[in-house]
Amino acid sequence: MTTSEIPTPRAAGSAMTTCPDHADAPAVHLLGPLGPGDLGEVFEEPEEGIEGGAPGDRAAHPWLEPAGAGRHLLHLPGAGPRARGALADRVMARAARLPMAGTPATPLQRALLSDYDLSSEPGRQCEQLAFDWHGPLELAVFTAAWQAVFAAEAVLRSCFDDGPHPRILVLGTVEPEITVHHVLDGAQPGPRNQARGVDPRRPGPLRITVLRHRAGARILLTYHLALLDARSMRLLLRSFARAYRAGGRLPGGERRPDLRDYADWLATRHPEENLLDTPRVLAGGTDHHQLRLTSAVTRALRTAAGQWGCTESTLGQTVWALLLYHDAGADEPATVRFAAAVPGRTIALDGTCRLPGALRTVLPVTVLVDPRKPLAALAATLRDIAVDHFVRTGTSPGPALDDTMVAFENPLREHTATARELAAVGVRVTVPQSLGADTAHPVTFCAHYDEVGQLVLTLSHRVAGTSGPATVLARAELLLRALSGPRPPVTVAEALALLPAPGGDGVLRPPRPGPTAQAAPVLLRPGTRPEPLPRPGPGGDVLPPPAVSDVPTVALLATPGVDRSYYVRLAHTYRGPERLVLLPAQHGGPEGDLRVLGTLCGDAETACALAHRAAGSVPSVVIAAPATGATDFAAALAAVAADTCAGTSH
């Protein structure tokens, strides 16, 4: 039976595919790993609202009909929207109980993936390290050494799946991506190498680029922050150096515990942690500025930290709190807030200190800055917060991704071991230096030691139209010199008096997130019309574009607990002329020609009821299993929409 043979009391509209069993009810498509016996086992007792009949009568009992790759059409003769949705949820809930591959991502990984998916920049959430290689470079041994490291480290063979709740997948074998270029001596890497980024949903979160020249080479390591961090890269380089010295072999087997064990440990310790806030996406690339302290100032700062009863990292946070307070123009006690990087390797899991992975997290720091109080009291408060952060390692960063960030790195310990291994084969390497990370933070203040022990300050900012990053670094240096000098300021007011008047560049006053918008449909994809573009009308006037109500629509019902980035990825992979709209949970439905309504398992009853109330012909409903990838979901929606447009039956 075709659609045209089914009378419908609905208003006139485009030809729509409806379930051949009942013209006034939505056609329900199930997308997931269903078997032929799933419906029979679920439907053991008669369901309320479904007519009975003689045994074996397919017209009187629910049945599944294959309708494409991984898709089935659920036939429910005589059932209304509520019964259709309820049974669809029961069937898909059975499919959801099947074991899923992979390990659930950590709260921080979910936040970083969300920021990556919502941004249009391919280099988002990627960082690049560079170091110089002086001496002979045997490419065959170099490649074999990295292959050995990939075989030993599960994180280098990892990626994330495409589902709404990201999971870590580990492959058995992954070949390292090593690219070799021949360049002039001293040539610097081009910006395109980093801008290409690393896709976290493809195996291998690390890309290796070798720029060869007569004296040796410059090595670039580009990695994704959702799976690796700077400490991880130093640990991996240490393993690589051992393998290179041994001719491309690495003793021992695969490392355990690995990133999966770490994620399981976090899930056990913090089972209630969820991604509560979607990070704000700032347009434009990241600019980086550096300032190097002298050896004398660095030594004095290290000595002063002991006298203040804290670490150099705490002194850096103290300086940042003073700068934030000063640039806010306050003259009374006020609270400042920023994010602090936490190593994440101080947990009660054996081997974590040597575990490569995305263990570093960021946690919010909120401190009261009172000009009348002693500066030592401010430093002590920040020290206590840092100690508390070590206990809270692994918790969700939450809104801290919207704050400016302070980080402190000390790469010398791992580099010393790496340099010793390579020196045994006549190779000298420099300390890997960060060429900058493209993160969600509007401003990042980072300090690290170089190979001669000098402290290097780096400011990375994403705030458009700013002109004072160098000024911010100069003021930070001024305060660090004052704190480590022979007569450091006693009160907060004395330290603030050393700074010039606040500038108007806004580097330390990035825009805060505005109030949450009211629930309304979100346009994910504008769609295209199959008709030719509008042509000039009489008199040369261009005819107006078609109204939104004239554009076919595929709507998605937002599922609680699923980040919007999942639907954005779905829209990027959707193929078809329809526009895509994301509906909030309590919305009545989109305007115009609604052809398909898609949702994840659990909301089938709501989706069927919403489809039944839609204006025009009854749209089809696609119910996807909870772990359905965005690519598969988009393909199923496009297939149902295409069948609907053609007016075919199932």
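Just so you know, these numbers come straight off a predicted model, no measurement behind them.
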Which heavy atom in D403 sits nearest to a heavy atom in A339, and how many Å separate them?
-> CB-N, 3.8 Å
After noting the C-alpha distance and the side-chain angles of F142 and F240, does the key distance pass the side chain to side chain contact (heavy atoms under 4.5 Å, CB included) rule?
-> CA-CA 9 Å; F142 184 90; F240 160 78; 3.5 Å; yes
Got a sec, which residues hit side-chain hydrogen bond (donor to acceptor under 3.5 Å, both in side chains) with S158, two or more places apart in sequence or on another chain?
-> none
Salt-bridged, E494 to R487, with N to O below 4.0 Å?
-> no
Taking side chain as C-beta onward, heavy atoms only, is Q147 less than 4.5 Å from P176?
-> yes
Taking all non-hydrogen atoms of both residues, which atom of L250 and which atom of A152 are closest, and how far apart?
-> CD2-CB, 3.9 Å
Is it true that E477 and R292 make a salt bridge, defined as a side-chain N closer than 4.0 Å to a carboxylate O?
-> no
Pick from L113, V155, L112: which one makes a side-chain contact (heavy atoms from CB on, under 4.5 Å) with L227?
-> V155
Rounded to the nearest 0.5 Å, what's the gap from CD1 on I168 to OH on Y262? Could you check?
-> 10.0 Å
Do E414 and R231 meet the salt-bridge criterion of a basic N to acidic O distance under 4.0 Å?
-> yes
Heavy-atom side-chain proximity of F408 to Q317 below 4.5 angstrom | no
Return the minimal non-hydrogen interatomic distance between A495 and P489, and the atom names on each side.
-> N-CB, 3.7 Å
When rounded to the nearest 0.5 Å, the distance separating OH of Y244 from CG of L237 is 13.5 Å
Regarding S232 and D229, is there a side-chain donor-to-acceptor distance under 3.5 Å anywhere?
-> yes
Kindly write out the residues that satisfy salt bridge (Lys or Arg N to Asp or Glu O under 4.0 Å) with R255, not counting sequence neighbours, or none if the list is empty.
-> E153
Flag side-chain contact, heavy atom, 4.5 Å: V336 against V367 = yes
Are S295 and Q454 close enough, and set up right, to give a side chain to side chain donor-acceptor pair (under 3.5 Å), and what steps lead you there?
-> CA-CA 5 Å; S295 299; Q454 293 179 320; 3.2 Å; yes
Evaluation steps, side chain to side chain contact (heavy atoms under 4.5 Å, CB included), between L206 and L228 | CA-CA 8 Å; L206 171 63; L228 295 168; 4.2 Å; yes
Side chain proximity check, L139 to R212, heavy atoms < 4.5 angstrom | yes
Check: S460 and M405 side chains under 4.5 Å, non-hydrogen atoms = no
Is any side-chain N of the basic residue among E177 and R202 closer than 4.0 Å to the acidic one's carboxylate O?
-> no
S119 side chain to D115 backbone, donor-acceptor under 3.5 Å | no
More than 12 foreign heavy atoms under 6.0 Å from CG of D350: is that the case here?
-> no
Is any side-chain heavy atom of L129 closer than 4.5 Å to a side-chain heavy atom of L435?
-> no
From H415 NE2 over to D450 CG, what is the distance, rounded to the nearest 0.5 angstrom?
-> 10.0 Å
Run the numbers on R372 and E332 for salt bridge (charged side-chain N to carboxylate O under 4.0 Å, His left out), then give the verdict.
-> CA-CA 9 Å; R372 299 164 298 185; E332 296 292 335; 5.3 Å; no
L137 side, atom CG; I219 side, atom CD1 - distance, nearest 0.5 Å = 6.0 Å
Classify the side-chain pair Q128/S434 by whether it contains a donor and acceptor separated by less than 3.5 Å.
-> no
T404 side chain to V443 backbone, donor-acceptor under 3.5 Å = no
Is the shortest side-chain N to carboxylate O distance from E312 to R302 below 4.0 Å?
-> yes
Check step by step if ring-ring contact (aromatic ring centres under 6.0 Å, His included) holds for Y116 and H224.
-> CA-CA 10 Å; Y116 173 85; H224 201 280; 5.1 Å; yes
Measuring from W320:CH2 to L479:CG, what's the distance to the nearest 0.5 Å?
-> 11.5 Å
How far apart are the C-alpha atoms of H134 and V427, what are their side-chain angles, what is the distance that settles it, and do they pass the side chain to side chain contact (heavy atoms under 4.5 Å, CB included) test?
-> CA-CA 6 Å; H134 300 283; V427 175; over 6 Å; no
L118 versus S565: any side-chain heavy-atom pair under 4.5 Å?
-> yes
Closest non-hydrogen atoms of R238 and A417, given as atom of the first, atom of the second and distance, are NE-CB, 3.4 Å
The salt bridge (charged side-chain N to carboxylate O under 4.0 Å, His left out) partner of D117 among R201, R564, R124 is R201
Keeping the roles fixed (side chain from W308, backbone from T311), state whether a donor-acceptor pair exists under 3.5 Å.
-> no
Verify, without hydrogens or angle tests, whether R234 (side chain) and P432 (backbone) share a donor-acceptor contact under 3.5 angstrom.
-> no
List the atom of A241, the atom of E421, and the distance in Å for their closest heavy-atom pair.
-> CB-CB, 3.7 Å
Could you verify whether a donor N or O on one side chain and an acceptor N or O on the other, from Q125 and Y223, lie under 3.5 Å apart?
-> no
Flag the pair R256 and D258 as a salt bridge only when some basic side-chain nitrogen lies within less than 4.0 angstrom of an acidic carboxylate oxygen.
-> yes
Interatomic spacing from CZ in R337 to OG1 in T366 - rounded to 0.5 Å = 5.0 Å
Working for side chain to side chain contact (heavy atoms under 4.5 Å, CB included), residues F445 and L473 | CA-CA 9 Å; F445 176 66; L473 285 179; 4.1 Å; yes
With the threshold set at 4.0 Å, does a side-chain nitrogen-carboxylate oxygen contact exist between R383 and D388?
-> no
With a 4.5 Å limit on heavy-atom distance, are the side chains of V149 and L236 in contact?
-> yes
Run the salt-bridge test on D563 and R110 with the 4.0 Å N-O cut-off and return the result as yes or no.
-> no
Indicate yes or no for a side-chain donor-acceptor contact from H448 to the backbone of A407 under 3.5 Å, with no hydrogens or angles considered.
-> no
H289 and H461 aromatic ring geometry - parallel, tilted or perpendicular at 30°/60° bounds | parallel
What heavy-atom pair brings G453 and T298 nearest, and what distance separates the two atoms?
-> O-CG2, 3.2 Å
